[in-house]
Every structure is written in structure tokens, then in C-alpha cells.
Amino acid sequence: MSDVEKARSLFEQAGLSFPTIPEALAGQLKEREEWRFSTRTLPRIPYDLPYYSEETDGPEEYAVLSHDGHGVNSYAIQYYLVTGPLRMFLHLGWGGAYMDHDREASKIRTCFALADAIVSEVKTTEKLAPGERLTIVGADFYGSSWSAPRQGPYRYEAGMEGVVQVLSGALAWLRIGLMNSSE
């Protein structure tokens with residue numbers, strides 16, 4: 001079984017969907033530790049969202065899919081995807097002692113469905129010129145934001161609702177340009 005197949009099986013057995021990993025990256029996905037898959041070396045644990053989302057000298061393309069945390073209730077799924085013009089970092093609460101497993105898994109499936117739609121739209125969009133980036137940070141613990149050329153940043157409060165708003169807003173902009181665009 002390949003590492004991408006292991007990751008898919010692990011996530012599906014846990015009641016989570018498996019997010020899009022572009023084919024070129026999927027073949028490079030390696031299991032680094034239990035519940036930690038990545039196409040890159042990990043200089044810090046994936047739980048350190050600010051490190052990855054603010055990184056300026058990391059690989060041009062990579063995927064990270066992980067479950068990390070600490071304490072009793074500070075656990076989250078991390079899905080980081082940097083590919084082409086897309087820089088997407090999702091940090092979604094799941095696995096803490098006081099979390100409702102089924103409810104949180106349902107929210108993650110919703111977020112992954114939106115993220116999958118974004119990955120698909122980015123492949124064909126004409127809204128991003130060469131060198132331009134769409135950056136999405138969706139984190140129910142920290143707050144969420146998204147920005148694109150001539151857009152945002154749009155910021156939302158912590159909580160899963162903010163993550164869904166960020167993903168929905170970025171997707172709407174990609175599809176029909178609903179934000180304050182100068183186009």
C-alpha cells in the first residue's frame with residue numbers, strides 16, 4: 001500500500017474525507033510519523049500553522065496532511081497545500097477529549113469539500129496572472145483569512161464558521177468575482 005493510500009484509508013476510517021492532493025504531489029506523499037504525511041521535510045510540527053502560512057523560503061509546491069496537538073483538547077487536522085498560485089492552510093479542530101467527534105468530522109468534510117472545489121477552480125481560473133497568489137488560511141483555533149491580488153485580506157473570527165466563510169468567499173471570488181474586484 002502506498003503512503004497516499006495509507007493516508008486515504010486512515011482519514012476515511014476516522015470518518016473524515018480525504019482532501020485533494022494533486023496527482024504530481026500525491027506520488028511524493030510520505031508518511032513521516034503516525035498521522036503525519038507530507039511531500040516535504042517538516043522543519044516544525046504541522047500544528048505550528050503560523051510557521052507554515054508565513055513561510056517565505058519553503059518549497060514552491062508541497063502538501064501536508066496531519067493530525068497534531070497537545071494537551072487535552074488542542075488537537076487539529078492540518079491540510080496545507082501549496083501548488084501553482086494556491087497557498088491553502090487549513091487547521092481544523094478534531095480529536096480533543098472535549099470535542100464531539102462526529103460533529104467535528106462533519107465540519108471537516110464540509111471544509112474539505114470546499115477546499116476540493118477551490119483546488120479544481122484554481123486549475124482553470126484566469127483571475128490569477130503568472131506570479132500571483134491566492135492565499136487561504138482557515139483555522140478554527142486562530143481565526144481565518146484569505147487574500148488574492150486586488151482582494152482582501154478578508155479576515156474572520158476563530159471558529160469553524162469563520163473557516164467555512166473564508167473557503168466560501170475565496171471560492172465565490174474564483175467562480176464569479178463576488179468581492180470588491182477592480183476587474
Side-chain angles (χ1 to χ4, degrees), residues 1-99 101-102 104-120 122-123 133-146 158 160 163 166-167 170:
M1 178 181 289
S2 72
D3 285 356
V4 73
E5 290 168 337
K6 275 189 199 176
R8 181 181 309 279
S9 176
L10 182 65
F11 272 66
E12 290 175 354
Q13 287 175 10
L16 306 167
S17 57
F18 189 77
T20 296
I21 307 283
E23 190 174 328
L25 291 172
Q28 301 172 37
L29 197 68
K30 301 286 181 232
E31 183 175 22
R32 307 295 175 163
E33 292 180 37
E34 185 178 5
W35 273 99
R36 194 175 290 166
F37 298 85
S38 178
T39 62
R40 64 173 290 182
T41 58
L42 298 170
R44 299 210 184 162
I45 64 169
Y47 194 87
D48 189 354
L49 171 68
Y51 175 83
Y52 290 94
S53 65
E54 296 168 10
E55 183 178 41
T56 58
D57 60 351
E60 287 189 28
E61 298 217 355
Y62 68 89
V64 174
L65 191 55
S66 178
H67 178 241
D68 276 319
H70 57 84
V72 176
N73 209 47
S74 295
Y75 284 85
I77 295 291
Q78 295 85 34
Y79 168 52
Y80 303 157
L81 181 62
V82 175
T83 184
L86 179 62
R87 294 176 33 86
M88 182 164 48
F89 306 91
L90 301 182
H91 183 92
L92 310 170
W94 184 78
Y98 303 118
M99 293 180 188
H101 175 82
D102 293 335
E104 298 307 316
S106 175
K107 291 177 184 178
I108 290 170
R109 288 190 302 271
T110 297
C111 290
F112 282 178
L114 289 165
D116 290 350
I118 289 168
V119 171
S120 179
V122 163
K123 288 179 189 176
R133 301 271 188 199
L134 169 62
T135 301
I136 301 166
V137 179
D140 57 352
F141 293 171
Y142 302 109
S144 301
S145 65
W146 75 272
M160 193 61 82
V163 177
V166 159
L167 293 167

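Side chains are part of it too, since the values below use all heavy atoms of this structure and drop only hydrogens, waters and symmetry mates.
Using modelled atom types, no side-chain atom of Thr39 and backbone atom of Tyr62 make a donor-acceptor pair closer than 3.5 Å. Between the Arg133 side chain and the Gly84 main chain, a donor and an acceptor come within less than 3.5 Å of each other.
Considering every non-hydrogen atom in both Tyr51 and Pro43, the closest pair reads OH-CG, 3.3 Å. Here the shortest heavy-atom pairing between Trp35 and Ile77 reads CZ3-CD1, 4.1 Å. Heavy-atom minimum distance, Pro59 versus Val82: O-CG1, 4.4 Å. Pro19 and Phe112 get closest at one heavy-atom pair: CD-CE1, 3.5 Å. Minimum interatomic distance between Gly138 and Ser144 (heavy atoms only, all atoms of both residues): CA-OG, 3.4 Å. Scanning all heavy atoms of the two residues, the minimum distance from Leu81 to Tyr79 falls at CD2-OH, 3.4 Å.
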* To do: Decide salt bridge (Lys or Arg N to Asp or Glu O under 4.0 Å) for Glu104 and Lys107; before the verdict, give the C-alpha distance in whole Å, the side-chain angles of both, and the deciding distance to 0.1 Å.
  => CA-CA 5 Å; Glu104 298 307 316; Lys107 291 177 184 178; 3.8 Å; yes
* Asked: Which is it for Ile136 and Leu167 under the side chain to side chain contact (heavy atoms under 4.5 Å, CB included) test, yes or no, and what are the steps along the way?
  -> CA-CA 7 Å; Ile136 301 166; Leu167 293 167; 3.9 Å; yes
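Atom CZ in Arg44 sits 12.0 Å away from atom CG in Leu49 (nearest 0.5 Å). In this structure, CG in Leu86 is found 11.0 Å from NZ in Lys123, a value given to the nearest 0.5 Å. Rounding to the nearest 0.5 angstrom, the gap separating the CG atom in Leu10 from the CZ atom in Phe37 is 5.5 Å. One finds the CZ atom of Arg87 at 11.5 Å from the CD atom of Glu60 (value rounded to the nearest 0.5 Å). Atom OG1 in Thr20 sits 8.0 Å away from atom CE in Met88 (nearest 0.5 Å). The distance from atom CD1 of Ile118 to atom CG of Leu90, rounded to the nearest 0.5 Å, is 8.0 Å.
Ala113 is linked by a side chain to side chain contact (heavy atoms under 4.5 Å, CB included) to nothing, counting only residues two or more places apart in sequence or in another chain. For Asp116, there are no salt bridge (Lys or Arg N to Asp or Glu O under 4.0 Å) partners two or more places apart in sequence or in a different chain.
Two residues are said to be in side-chain contact when any heavy atoms from C-beta on lie closer than 4.5 Å; Phe18 and Leu65 meet this criterion.
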Could you list the donor-acceptor pairs under 3.5 angstrom formed between side-chain atoms of residues 25-34 and any protein atom two or more places apart in sequence or on another chain?
residue: Gln28; atom: NE2; partner: Ala24; partner atom: O; Å: 3.0
residue: Glu31; atom: OE1; partner: Lys6; partner atom: NZ; Å: 3.0
residue: Arg32; atom: NE; partner: Ser38; partner atom: O; Å: 3.3
residue: Arg32; atom: NH2; partner: Ser38; partner atom: O; Å: 3.1
residue: Arg32; atom: NH2; partner: Arg40; partner atom: O; Å: 3.2
residue: Glu33; atom: OE2; partner: Arg36; partner atom: NH1; Å: 3.1

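When ring centroids are compared, Tyr47 and His91 come within the 6.0 Å threshold.
Ring-plane geometry between Tyr80 and Tyr52 is classed as tilted, the angle between the planes lying from 30 to 60 degrees on a 0 to 90 degree scale.
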